[in-house]
Amino acid sequence: MRYAYPCQITLLEGGEFVVSFPDVPGALTGANDRAEALELAVDALSVMLAGYVKDRKSIPVPSPALDGQEIVAVDPVTAAKLELYSAMREQGVTKSALAERLGLSDTTVGRLTDPGRRSHIGLVARALQAVGRGLVIEGRANAVR
């Protein structure tokens, strides 16, 4: 899955730009400058998707962008962790089972599955392989970040 979501940018009467995500309710941010609002949107989106992981919910699937919407993508490591979480959830793989497959501690695997924790992309990619998934990083001219 691609972790790039359409957002709606609204200019309020006071000059503030508010960014919301139709597919990720609660991911909301704003700023007095459009570019800054879009930069902050990356963090708002990442934090809200990390909340889905924490609450053990399914990650929402991004809908196609409509006219006037921008696409905002999470950073590659976060995207990889979200994919790892989704694969484990779909397959019923526990953190302990993944730790055993990888020969790592439960603590290390806990970090790998937490979007809020730093991890090396290579280790996350290895964990993805252990659950039958791969990692592809794609560049897009119109995606934020």
Side-chain angles (χ1 to χ4, degrees), residues 1-10 16-145:
M1 185 164 92
R2 291 186 176 143
Y3 297 94
Y5 293 80
C7 70
Q8 186 66 44
I9 303 168
T10 306
E16 182 179 20
F17 291 88
V18 175
V19 180
S20 60
F21 294 86
D23 300 318
V24 188
L28 184 68
T29 192
N32 291 325
D33 174 83
R34 188 175 195 279
E36 182 183 3
L38 281 169
E39 283 181 35
L40 293 172
V42 174
D43 290 333
L45 178 61
S46 296
V47 167
M48 190 55 62
L49 292 174
Y52 280 82
V53 174
K54 181 180 178 191
D55 294 341
R56 297 184 176 143
K57 294 181 179 178
S58 295
I59 305 297
V61 175
S63 60
L66 303 175
D67 286 341
Q69 290 182 329
E70 297 268 350
I71 298 293
V72 175
V74 299
D75 68 87
V77 174
T78 299
K81 287 182 172 214
L82 292 170
E83 185 63 19
L84 177 60
Y85 165 77
S86 294
M88 290 172 66
R89 182 178 162 85
E90 288 169 15
Q91 297 171 24
V93 176
T94 65
K95 290 178 189 176
S96 293
L98 182 59
E100 189 174 315
R101 287 182 193 182
L102 295 170
L104 299 172
S105 70
D106 287 358
T107 303
T108 300
V109 169
R111 287 187 201 112
L112 288 178
T113 58
D114 182 348
R117 302 288 302 265
R118 297 184 118 206
S119 298
H120 189 277
I121 189 72
L123 191 53
V124 182
R126 186 172 147 223
L128 279 166
Q129 288 178 335
V131 293
R133 299 283 171 94
L135 178 63
V136 175
I137 297 176
E138 169 186 301
R140 291 186 68 186
N142 64 346
V144 175
R145 196 174 270 220

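Here Ala79 pairs with Tyr3, Val74 under the side chain to side chain contact (heavy atoms under 4.5 Å, CB included) rule; sequence neighbours left out. Residues satisfying the side-chain hydrogen bond (donor to acceptor under 3.5 Å, both in side chains) test with Glu90, not counting sequence neighbours, are Arg133. With sequence neighbours excluded, the residues that form a side-chain hydrogen bond (donor to acceptor under 3.5 Å, both in side chains) with Ser105 are Thr108. Contacts of Ala65 classified as side chain to side chain contact (heavy atoms under 4.5 Å, CB included), with partners at least two apart in sequence or in another chain: Pro6, Gln69, Ile71. For Ala50, the side chain to side chain contact (heavy atoms under 4.5 Å, CB included) partners at least two apart in sequence or on another chain are Pro115. For the side-chain hydrogen bond (donor to acceptor under 3.5 Å, both in side chains) test, residues two or more places apart in sequence or in another chain that qualify with Asp106 are Ser96. For the side chain to side chain contact (heavy atoms under 4.5 Å, CB included) test, residues two or more places apart in sequence or in another chain that qualify with Val77 are Asp75, Lys81, Ile121. Applying the salt bridge (charged side-chain N to carboxylate O under 4.0 Å, His left out) rule to Glu100 yields no partners; only residues at least two apart in sequence or on another chain are considered. For Arg34, the side-chain hydrogen bond (donor to acceptor under 3.5 Å, both in side chains) test picks out Glu70, with sequence neighbours left out.
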If you look only at distance, which donor and acceptor atoms sit under 3.5 Å apart when one is on a side chain in residues 16-25 and the other is two or more places apart or in another chain?
unit_1: Asp23; atom_1: OD1; unit_2: Ser63; atom_2: OG; d: 3.1
unit_1: Asp23; atom_1: OD2; unit_2: Ser63; atom_2: N; d: 2.8
unit_1: Asp23; atom_1: OD2; unit_2: Ser63; atom_2: OG; d: 2.8

List, one per line, each side-chain donor-acceptor pair under 3.5 Å for residues 52-60, sequence neighbours excluded.
unit_1: Ser58; atom_1: OG; unit_2: Arg89; atom_2: NE; d: 3.2
unit_1: Ser58; atom_1: OG; unit_2: Arg89; atom_2: NH2; d: 3.1

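Identified under the salt bridge (charged side-chain N to carboxylate O under 4.0 Å, His left out) test for residues 107-126, with sequence neighbours left out: none.
Rounding to the nearest 0.5 Å places CE of Met88 at 5.0 Å from CG of Leu98.
Leu84 has its side chain within reach of Leu112: a pair of non-hydrogen atoms, C-beta onward, lies under 4.5 Å apart.
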